[in-house]
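Below, chain A is the first sequence line, B the second, and so on; all start at residue 1. Values below: every heavy atom of this structure, side chains too, minus hydrogens, waters and symmetry copies. The structure presented is a predicted model; accordingly, all values stated were derived computationally and were not measured.
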Protein chains: 2
Amino acid sequence: MSFNIKDIAKLAGVSPATVSRVINGTGNVKDEKRDRVLKVLEETGYKPNALARGLIHKRTYTLGIVVPDISNINFSEFVKGVEKEAKEYGYNILLTTSGNDLNREVECFEVFKEKRVDGIIFTGTRYTEKHKTVIDNTPIPFLVFGQNFEHENIISMNIDNKKAAYEATKLLFSKGAKNIAMIGGPLWDRAAGYDRFMGFLTAAVEEGLNPNNLIYEEGDFTIKSGYELMRAILDKQKVDAILAANDFMALGAIKCLLDLGIYVPKDVQVVGFDDNIISGIYNPSLTTVKIDFNRAGRMAAKSIINKIDGKIIKKYIELEYKLIIRNSTK
Amino acid sequence: MSFNIKDIAKLAGVSPATVSRVINGTGNVKDEKRDRVLKVLEETGYKPNALARGLIHKRTYTLGIVVPDISNINFSEFVKGVEKEAKEYGYNILLTTSGNDLNREVECFEVFKEKRVDGIIFTGTRYTEKHKTVIDNTPIPFLVFGQNFEHENIISMNIDNKKAAYEATKLLFSKGAKNIAMIGGPLWDRAAGYDRFMGFLTAAVEEGLNPNNLIYEEGDFTIKSGYELMRAILDKQKVDAILAANDFMALGAIKCLLDLGIYVPKDVQVVGFDDNIISGIYNPSLTTVKIDFNRAGRMAAKSIINKIDGKIIKKYIELEYKLIIRNSTK
DNA sequence: TTGTATGCGTTATCAC
DNA sequence: GTGATAACGCATACAA
């Protein structure tokens, strides 16, 4: 049994308008009537229909968010941050997952359009012409996390992946690495794939390595691919240091090394990316580039809400990162 | 610029009713007019307003879901399953987090009520009178995961925690354990706390242990608490086996043991619960009770949607679990 | 201070 | 086959 505003009005012996005024604190209502309304509100547990409200105000207080995979700890931390901050502003989140599939991403945007979300937060790895077109046809504030989308009217948020990878690589060299290899992401992933590779490459060349002999194995950010690619690298060449484009692959690589009786960091040093919850307690604990996804999520929510409110905000937000040195490096 | 159905009608030179018929495939429309409408639809990228639709149909095709913490891999796997299945039925999910806080849980329910979600999936650890009252006043199909809520009109879904903990404990004894301790959850957590403790207790007593001397440390399911409670246990008594109420605490316990130079499983065997993504690659890999959260999520979504559709469904759904034996036991 | 009437964007029910 | 029109539940302009 669900009440509407007329039911409440009838029960309280007032007009629907008065009930509305009481609920929203708009306009003046005589105390006696207000009390009567309040009482009925209490008794019935009435909640105004957000659909009807949204129809009038053209505001749903809902944010649409699309992530490739919510079970990936980075994204779930991000979403956690978004949800927390959004809630403080009275927003809820409509969560969708894309599996990094372009078509599914587009479907998500369409759903967001239908459901009239007030803002969209998108975490994806590609940025194609199709994205551009869809976004242009979606008159909803839009924020991209994890990629530098150069597009009008879009907020993008990212870390300087090239710089971070450069520093991580330099760290390995400073710890005595000579033969370094990278287990990276797909190069079409501009940020976590390409940019991190570029940082690695730049540092390696700077250290006098021949770029043509550099080993770069392209993984998919899973533990499994880290494990398998580590094995592939060992088959090809002797290495004493690995830069992985994320912690999962780094942990997979370490697991592979340990299984083969190769010591970390004595024989091979390993550095990852992200600082997963597990990286600190692994044996050995993992040296990594920490990205605070939770904070990123909070910032993303705040930014998009500011944009919704018509406030002027920066088009590009650079996130911080931090090298966490643990026991997988010397 | 957002179009409405009248705009489309005008552009196509037909009435709004006809546009509606074309969009929904309801009623007959002359081919020529249909084509004109379709063309305009295509050109404008028009999407019907789901708020207006929901107002009429009293269906939002949205599921509300509340989890204590989305960054916990168990819950994110669960949500992933829910989202996947829900999407196949044309539903989206409104995600909220509660931090296991009763007040926040209630707030989530209120929001769901306002936003007129079609069904609610709740994962919580307590079941109080307040829950009962709120649920009674929420005329929305309701499903609880992870607890056995005995309440009319609610679907609940869970594993037999007592039995699972019993079997895990028995496993430790069968591998030669003599002095066993448990790092459990809070006992007010009926399922993951209390029931698992009861299974542990039953098995221990059956093996002839004195229940009064049994060590049970109450943790909060975090790696940190596993670590600290392991240390606390070692200070108290010599143990050769640990049953932890989840993998995080089990991993924390192992980390503590290793830090102290105690070998796992040689000196102390450890069993966890859940089978986290990381448990298989930890050193040593963790023996655990596997719960398929993703599958649970899919089942939850399917059940609640069936209920929304008025289909008759089971009031209690028992989930399977499976002992995964790895290297943290002998 | 209060109530009535209108409109938000749809769909469904009627007439035509 | 098609087009007006009345809901859906609410907020607001306007009248009283």
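Atom P of nucleotide C:dG9 and atom CZ of A:Arg59 are separated by 16 Å, given to the nearest angstrom. Computed from coordinates, the B:Leu51 CG to D:dC8 C1' distance equals 12 Å when rounded to whole Å. Distance CD1 (A:Ile23) to P (D:dT12): 12 Å, rounded to an integer number of Å. The distance between atom CG of A:Asp35 and atom P of C:dT1, rounded to the nearest whole Å, is 14 Å. Taking atom CD on B:Glu114 and atom C1' on D:dG9, their separation rounds to 13 Å, with Å as the unit. Following rounding to the nearest Å, A:His57 (NE2) and D:dT12 (C1') show an atom-to-atom distance of 8 Å. Atom pair B:Lys113:NZ and D:dG9:P shows a separation of 15 Å (rounding to whole Å applied). As rounded to whole Å, 15 Å separates atom C1' of D:dG3 from atom CG of B:Asn28.
A sub-4.0 Å separation between OP1 or OP2 of D:dG1 and a side-chain N or O of B:Lys33 is absent. Here B:Asn49 does not reach the OP1 or OP2 of C:dT10: none of its side-chain N or O atoms lies under 4.0 Å away. Phosphate proximity of C:dT11 to B:Asn24: present, with a side-chain N or O under 4.0 Å from OP1 or OP2. Phosphate contact (OP1/OP2 of C:dT11, side-chain N/O of B:Arg53, threshold under 4.0 Å): present. Residue B:Lys30 places no side-chain N or O under 4.0 Å from the OP1 or OP2 atom of D:dG3.
Remark on DNA chain D: of its neighbouring residues B:Ser15 and B:Ile56, the 5'-side contact belongs to B:Ser15, judged by nearest-heavy-atom nucleotide. Of the two residues contacting DNA chain D, namely B:Lys58 and B:Asp31, the nearest-nucleotide position lying further toward the 5' end is that of B:Asp31. Nearer to the 5' terminus of DNA chain C, by closest-nucleotide assignment, is the contact made by B:Leu55 (compared with the other of B:Arg21 and B:Leu55).
Applying the 6.0 Å contact sphere to NZ of B:Lys315 captures more than 12 heavy atoms from other residues, nucleotides or ligands. Summarising the local packing, CZ of B:Arg295 is surrounded by 12 or fewer heavy atoms from other residues, nucleotides or ligands at distances under 6.0 Å.
Nucleic acid contact class of A:Lys6 (heavy atoms, under 4.0 Å, all strands): none. Across all strands, B:Thr18 comes closer than 4.0 Å only to sugar-phosphate atoms, never to a base (heavy-atom distances).
Taking only side-chain atoms of B:Pro48, from C-beta outward, the nucleotide of D:dT12, C:dT10, D:dT2 with the closest atom is C:dT10. Of the listed nucleotides (C:dT10, D:dC10, D:dA4), D:dA4 has the atom at the smallest distance from the side chain of B:Ala17.
Judged by distance alone, the side chain of A:Glu83 and the main-chain N or O of B:Thr97 form a donor-acceptor pair under 3.5 Å. Between the side chain of A:Asp69 and the backbone N or O of A:Ser71, at least one donor-acceptor pair lies under 3.5 Å.
For the pair B:Glu85 and B:Arg298, the tightest heavy-atom approach, listed with the atom from each and the gap, is CG-O, 3.4 Å.
Taking the six-membered ring where the residue is Trp, A:Phe142 and A:Phe109 present perpendicular rings, their angle passing 60° and hence far from 30°.
One cannot find a donor-acceptor pair under 3.5 Å joining the base of D:dG9 and the side-chain atoms of B:Arg116.
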